[in-house]
Each structure stands twice: as structure tokens, then as C-alpha cells.
Amino acid sequence: MSRINGILNLLQGCNSMKRLQKIQAFVIVNGYQDDLAISNKLLSFCAISVSGSLAYAHLLFNQINNPDTAAWNSMIRGLSQSPSPLKAILCYNSMMFEGQSRPDDYTFSFLLKACEKSKAEEKCREAHGSIIRCGYAEDVTVCTNLMRSYSANTSIECAQKVFDRMTQRDLISWNAMISCYSQAGLHDEALKIYDQMRISDLGLDAFTLVSLLSSCAHVGALNFGVHMHKFARQNGFLNNVFVGNALIDMYAKCGNLDGARQVFDGMRRRDVFTWNSMIVGLGVHGHGDEAIQIFQQMLMTGIHPSSVTFLGLLCGCSHQGLVEEGLKYFHMMRSDFSLKPGTKHYGCMVDLYGRAGKLEEALEFIQRSPVGDDPVIWRTLLGACKIHRNVKTGEIGMRNLVRLEALNAGDCVLLAAIYTQAGDKQGAARMRKLIRSQKFKTTPGWSWIEVDDRIHRFVVGDRSHSDTEEIYSELKDVIHRAVLAGYVEEESLTPVSEFTNEQSENSDRYHSEKLAIAFGLARTPEGNCLRIVKNLRVCRDCHSFTKFVSKAFKREIIVRDRVRFHHFKDGSCSCNDYW
DNA sequence: ATAGGGTTAG
């Protein structure tokens, strides 16, 4: 007996396959190969440990003539964390087929992990049924796994249902629910779950913070993020790299670069995410030179850049007109770090040339690149043609979008704007006609504004807000004062993508950000900065409107649109009207 | 013997 314990202890301290094989030889020589405790321990080491070997685990497993649940679990678990998690599902199937051992709560946890990773939607639902039949429907861990599995299989509703029906919930299951929403891109839902979580009085930990900060970053909830920062400081969470990284990203995405820098400077430990978040933050704010400086520091500390690092660099270079540098980093990706540029990187390059007015080069670059069949690339070129009033290249972009059958309303709006700038009224009229004749699938436009720690969301012609009347009368007043300051309301081509389905009265002529601005002006103290987040790009009329509002009301207004920040102050914008 | 939750870019 003590011999067996001795072997188990040896296995406990095992840290390599070489060592494991020595122990195994000892086991066989001494006739212990049929001891279940020992063979399971051997198996689990091979299947699960980072220094183990799944192939060897298979050999061992096949030698066991009647594997018990523990042995099956080791195999399913090992396979579920392997690069081919589908095999874990097959393994579970054979376990069921042989029918000698019953699955337990662990089995289901590992199976669900495999469903999550291999996107096995059908199997996930089937597992749910088995879980209920086997009596594990009340198990917190199994349910948490079930939620993640459903959510990864695009059924966040099912995840929510599982969560709702749980008889007991702990911190981990709450965190899982929040992260399911934030990873599905449903950030305001994630923040709402936190409101409910507070009532349950379980507190929160670093995991909660990280998910919430990510959601704050996406919706632009700076005030809420600052609360989280304070909480993290008071509770000793600032030493956690994940928390620090999420804070940098939150500050940068909410338009507060200084906040991001301060967190970055104060971090004792930094990983790729830390550096990337800072570089991307500087990049999207147009500080390419600083992004480059940080990048050089990053290399000196010996951290390996990733493809995201270069997205940040290229973005910064393009917004600052650093064409040579951008080109240098684009090549450096492959030559120095063996990173293959993706579509996004090519897009940045087109933007880099295009923004700098080098439209010929941009076009040549596309023709030499492998991404000429990606609509995003041509759309980027079209955007650059608008900035530089280039009809000819714009039409080339348009033709390629038509060729790829990817034309959308926004493209037509862009080309119409190019025609208008060039004085080609017929061209603009053609685009209007095209927009009307096509049944474009459109993304509804949204704007968010944070007032008193709450996110208020508006769509075009929104009347769903509880204070609709007040907001519309405020907006009338704001427009009046903007006009007095020099604003000319444009009969601009309304981006169709901001159309709502119901054409309520004539209020749908107000884009969502105008509503958000009016609401913000009415609900925040004079002189306070307004921060607005949009999911689309700012249209010309709204851009001009916001400039005059910033002057007439003496307010700084920071608008984050789909691709960049606009910093409005005293009647002008940080983008210098190039966007 | 063994489990579940976290960040950038899309």
C-alpha cells in the first residue's frame, strides 16, 4: 500500500514525459500496472499536463480494458483542450456507446468545453438534455459551462435562460453571464447584468472588472469606467495585468488619452496586450509619432509584437501622414517578425496612401496586393477619394464594389458627395436614384451618450426615450442657436443607413447624434465636455452642426465614430474636416 | 484524481 502511495507521490511531482516513462517502467516491473489509481494518474498526466502527450495518453487509454469514468474524463478533458476539440465529442460518444461507465458532472463540463470550442451547436443542445436526465441541471459549474457553450454557439438567449433558471449563482456564474454578453458585442446588456449583480451582493473581482471595462470601452462609458478604476485601486486590483490592460483600452476608447497613459506608466508588469492597447490608443487618436516611440520601447523590453501592434502603428501613421514610416512598418511585419499582413493591414496601407493624397499609389498598391477582392479595401479607397475630391479614382472604386456585388448605401453616399464637391449635379442625382432603386440592407445608426453613469442610446428620429418631448424641443432650440452662430442646415444626402423603418412624422430627419447632443446639453452642467459614441461615420451635416454647437454653447464635444475621434472645440474639429 | 469566469485587433 505504501508502495502505491509512493508511486502516486512520484507522479504528483512528475514534470516531463521522460520522467513519466521512467516511473511507468518502475510500475510495470513491480506489477502495479493494473492499479486503477496509478493508471488513472498516469493517464491524466499525459492527457492534461502541458508537458504531457495526448498521443501517449491514447496508448495508455487503449490498454485499459474497462475504463472508468475518471479515465474517460481525462481523455475527454485532454482532447477538449487540444487543437481538435471535436475529438473530445467523439470520445464522449464512444463512452456512451460502450455504456460501461456513466458520465458525471465533470464529464459534462469537459464535453461542453469541447462544444464551445468546436462550435458544435447541435451537440450542445443534446448535452443539455443529457445533463437534465442525469440530474446535473442544478450544478453551478455545469450550468456555467452550459451558458458559455450556448453563447459560443450564437444562442445568448439560451445562455440567459440557463442563467435565469439556476437555483444558486456564484461570482463565477455572474462573471460568465457578463462576459457572454460582452463577447457577443452586446455591451449595454453586459452593463445591465452588472446592475442586477449588485443587488445579489456577491461583490466583484478582477474578472468582473475586466469584462465591464471592455464594455465601457465599447459604449464610451467614461464615468462608469472611472468608478471601476477607483474601485480597482481601493481593492488592490491594479496589480492585475488584465485589469491594467482593460483600463488603458477603456480610457483610450473613451477619448481620454492622458488617463490611458497614466495607467500605462504605472504598470509594473506589461504584456503584449498592455503595449498593444497603448499603441492602438495612440494610433486611433492620430498620434502616430508617439505610437512609434512606444513601439520602440516595446522592442527594447523584449516583448514580441503581434499583428495588432502593427494595426495600431499603421493607423497612427496614416492619420498623421507618415507614409514612409507606415511603409517601413508594413514590411517590417513580415521581414522581422514573420507576421503575415491581414486584410486590415492592407486596408491601413490604402488609407495611408489615400489620406496623403497619393491615390495613384493606393490604386497600384491594391492591384499588387492579394486583397483586391475585399470590398473593405475599395471602400477605403472611396473614402480617400472623397477627402481629395478625386472623381476618376472614386469611380474605379465604385466599379469594383459593383463587381464584387458588395455595393451599399454608404458607398453611394460617398460617391454622391464626391460628385457634389466636383460640381457634378447629374452624377449626384444618379447616386440618389441608385440608392432609391436598390433595396440595400442597412445597419441602423446609433449614438450613445453617458449622462450620470447611465448610457442613453438614440437612433434616427428616436421617440422611444421617456423624455422625448423635452429632447425634441431642446433640439429645436439648439439648432436655432447653432444657426445664429453660422450653421447652415444642409439638405445633405441622408445616409440611408440611418433610416429607421417607421417614418415617424418628419422627425426622422434628425440623426441620432443630434438627439444625443441635445440631450447632453440639457442634462449636464454648463461647460462640461460631451462624449458621444456612434456606430457609423459622422455625416457632413452633423459634423458641421457639432462644430457650431461647440462654439455657440462653449462646450467641448468628443465624438467617437466608427473609425476615429473627432474633438470639437470653439467651432473647429481635430480632424480638420478630413475624415 | 479531475471542473466553470478576464484584455487589444475583427
Side-chain angles (χ1 to χ4, degrees), chain A residues 8 11-12 36-45 47-49 68-78 80-81 104-113 116 136 139-149 151 162-163 166 169-183 185 190 193 197 202 204-218 237 240-250 252-253 260 263 270-281 283-284 305-315 339 342-345 347-348 376:
Chain A
L8 288 175
L11 278 166
Q12 197 69 46
L36 259 181
I38 290 180
S39 62
N40 275 341
K41 195 81 189 167
L42 280 168
L43 180 64
S44 77
F45 174 84
I48 292 145
S49 156
D68 61 359
T69 303
W72 283 108
N73 284 356
S74 290
M75 284 312 288
I76 297 173
R77 182 182 175 195
S80 78
Q81 38 185 243
D104 62 7
D105 43 350
Y106 290 86
T107 319
F108 288 120
S109 288
F110 305 139
L111 172 65
L112 287 166
K113 182 53 98 191
E116 179 190 333
Y136 294 115
D139 186 287
V140 210
T141 307
V142 172
C143 284
T144 307
N145 272 312
L146 196 50
M147 284 159 52
R148 293 210 61 81
S149 191
S151 159
V162 171
F163 183 71
M166 282 170 77
R169 302 188 193 107
D170 58 11
L171 192 51
I172 298 181
S173 41
W174 278 101
N175 286 349
M177 192 68 254
I178 292 176
S179 81
C180 283
Y181 276 112
S182 93
Q183 281 163 13
I193 296 291
M197 182 179 178
L202 277 165
L204 75 178
D205 63 7
F207 286 85
T208 329
L209 279 175
V210 169
S211 292
L212 290 176
L213 284 168
S214 162
S215 290
C216 287
H218 279 96
F237 289 124
N240 183 308
V241 204
F242 284 83
V243 173
N245 296 349
L247 278 168
I248 294 174
D249 181 54
M250 183 279 293
K253 289 236 173 65
V263 175
R270 297 177 183 147
D271 62 9
V272 211
F273 287 84
T274 319
W275 293 95
N276 285 356
S277 300
M278 197 64 235
I279 291 171
V280 170
V284 296
S306 71
S307 63
V308 179
T309 319
F310 288 95
L311 283 181
L313 282 173
L314 293 177
C315 174
L339 293 167
T343 313
K344 285 269 136 198
H345 299 91
C348 284
V376 177

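Quick caveat: nothing in here was measured; it's all calculated off a predicted structure. Scope of the values below: all heavy atoms of this structure, side chains included, with no hydrogens, waters or symmetry mates. The chains referred to below are lettered A, B, ... by the order of the sequence lines, with proteins before strands, and numbering in each begins at 1.
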What is the separation between atom [atom1] on [X] and atom [atom2] on [N], rounded to the nearest whole Å?
X: A:D170; N: B:dA3; atom1: CG; atom2: P; answer: 15 Å
X: A:Y106; N: B:dT2; atom1: OH; atom2: P; answer: 7 Å
X: A:L36; N: B:dT2; atom1: CG; atom2: C1'; answer: 15 Å
X: A:K253; N: B:dT7; atom1: NZ; atom2: P; answer: 12 Å
X: A:R270; N: B:dT8; atom1: CZ; atom2: P; answer: 19 Å
X: A:Y136; N: B:dG4; atom1: OH; atom2: C1'; answer: 16 Å
X: A:D205; N: B:dG6; atom1: CG; atom2: C1'; answer: 9 Å
X: A:I172; N: B:dG4; atom1: CD1; atom2: P; answer: 9 Å

Legend entry - A:R77 side chain to A:I48 backbone, donor-acceptor under 3.5 Å: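 Not at all, since once roles are kept as given, no pair shorter than 3.5 Å links the two residues.
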Inset, instruction - Measure from the side-chain N and O atoms of A:H345 to the backbone N and O of A:S307, and report whether any donor-acceptor pair falls under 3.5 Å. - result: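 Checked: pair present.
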Scan [X] against the nucleic acid and name what it touches under 4.0 Å (heavy atoms): base, sugar-phosphate only, or nothing.
X: A:Q12; value: nothing
X: A:L171; value: base
X: A:K41; value: nothing
X: A:V272; value: nothing
X: A:N40; value: nothing
X: A:H218; value: sugar-phosphate
X: A:S179; value: sugar-phosphate

[X] side chain: which of [options] is closest?
X: A:F207; options: B:dT7, B:dG4, B:dG6; value: B:dG6
X: A:T141; options: B:dT2, B:dA9, B:dG4; value: B:dG4
X: A:D105; options: B:dA9, B:dA3, B:dT2; value: B:dA3
X: A:D271; options: B:dT7, B:dT2, B:dT8; value: B:dT7
X: A:N245; options: B:dT2, B:dT7, B:dG6; value: B:dT7

Inset, instruction - Flag the pair A:V308 / A:V280 as yes when at least one side-chain heavy-atom distance between them is below 4.5 Å, and no otherwise. - result: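 The answer is yes, as the side chains (C-beta and beyond) meet within the 4.5 Å cut-off.
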Legend entry - Test item: A:F110 and A:N73 side chains (from C-beta on) under 4.5 Å apart, heavy atoms: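 Yes, side chains in contact.
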Inset, instruction - Could you grab the distance from atom CD1 of A:I178 to atom OG of A:S215, nearest 0.5 Å is fine? - result: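 Interatomic distance, A:I178 CD1 to A:S215 OG, rounded to 0.5 Å: 8.0 Å.
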Legend entry - Gap separating the OG atom of A:S109 from the CZ atom of A:R148, nearest 0.5 angstrom: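 It comes to 13.0 Å.
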Please tell me if [X] has a side-chain N or O lying less than 4.0 Å from either OP1 or OP2 of [N].
X: A:K344; N: B:dA9; value: no
X: A:Q183; N: B:dT7; value: yes
X: A:R77; N: B:dG4; value: no
X: A:S109; N: B:dT2; value: no

Inset, instruction - Determine, answering yes or no, if A:F273 is stacked on B:dT7 under the 5.5 Å centre rule and the 30° plane rule. - result: yes
